[in-house]
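Worksheet: the structure to be examined is printed underneath.
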Amino acid sequence: MDISADARRLATVGTFFIVVGWVGIIYTLTAGVLWWLDLASREAFNIFEAFAISASAIALPVFAAFAIAGIGYYLRLFALDVARRSQ
């Protein structure tokens, strides 16, 4: 068995999760800011109400994106540990 090749593949999967997580974080935060600006410009909401509404709407997607990126970082560290132990 080639453990180093498996560790390299696991690190590649981890990198994919990291990229997807950070893209999700950037997308979610950008959408939240744009939605906040849209709500704040309306007569029915003031700036604080608009911020509360938009922040509560993006809280779960931001948490999920951070969790996905965290899984990717964990996989890369695990692959590094496996590669180190196999030598």
Contact between [X] and [Y] at the side-chain level, heavy atoms closer than 4.5 Å - yes or no?
| X | Y | result |
| --- | --- | --- |
| Phe16 | Thr12 | no |
| Ile53 | Trp35 | yes |
| Phe66 | Trp22 | yes |
| Ile26 | Thr30 | yes |

Is there a continuous path of hydrophobic side-chain contacts, each under 4.5 Å between heavy atoms, that joins [X] to [Y]?
| X | Y | answer |
| --- | --- | --- |
| Val62 | Ile68 | no |
| Val33 | Phe51 | yes |
| Leu80 | Tyr73 | no |
| Phe63 | Ile58 | no |
| Phe45 | Leu34 | no |

Which heavy atom in [X] sits nearest to a heavy atom in [Y], and how many Å separate them?
| X | Y | value |
| --- | --- | --- |
| Ile18 | Ala69 | CG1-O, 3.9 Å |
| Phe17 | Leu75 | CD1-CD1, 4.0 Å |
| Ala83 | Ala7 | CB-CB, 4.0 Å |
| Ala65 | Gly24 | CB-C, 3.9 Å |

Looking at Asp38, Leu37, Leu39, which hits side chain to side chain contact (heavy atoms under 4.5 Å, CB included) with Ser41?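 It is Asp38, the one option of Asp38, Leu37, Leu39 that forms the side chain to side chain contact (heavy atoms under 4.5 Å, CB included) with Ser41.
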
Rounded to the nearest 0.5 Å, what's the gap from CD1 on Ile3 to CG on Leu10? Could you check?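 Answer for the CD1-CG pair, Ile3 versus Leu10, is 11.0 Å.
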
Worked verdict on Ile25 versus Leu29 for side-chain contact (heavy atoms from CB on, under 4.5 Å): CA-CA 6 Å; Ile25 290 166; Leu29 291 178; 3.9 Å; yes

We want to know whether Asp2 and Ser4 form a side-chain donor-acceptor pair, criterion being a heavy-atom distance below 3.5 angstrom.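 Judged by distance alone, the side chains do pair up.
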
Ile47, CD1 atom: more than 12 neighbouring heavy atoms under 6.0 Å: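 At most 12 heavy atoms, drawn from other residues, nucleotides or ligands, come within 6.0 Å of this atom.
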
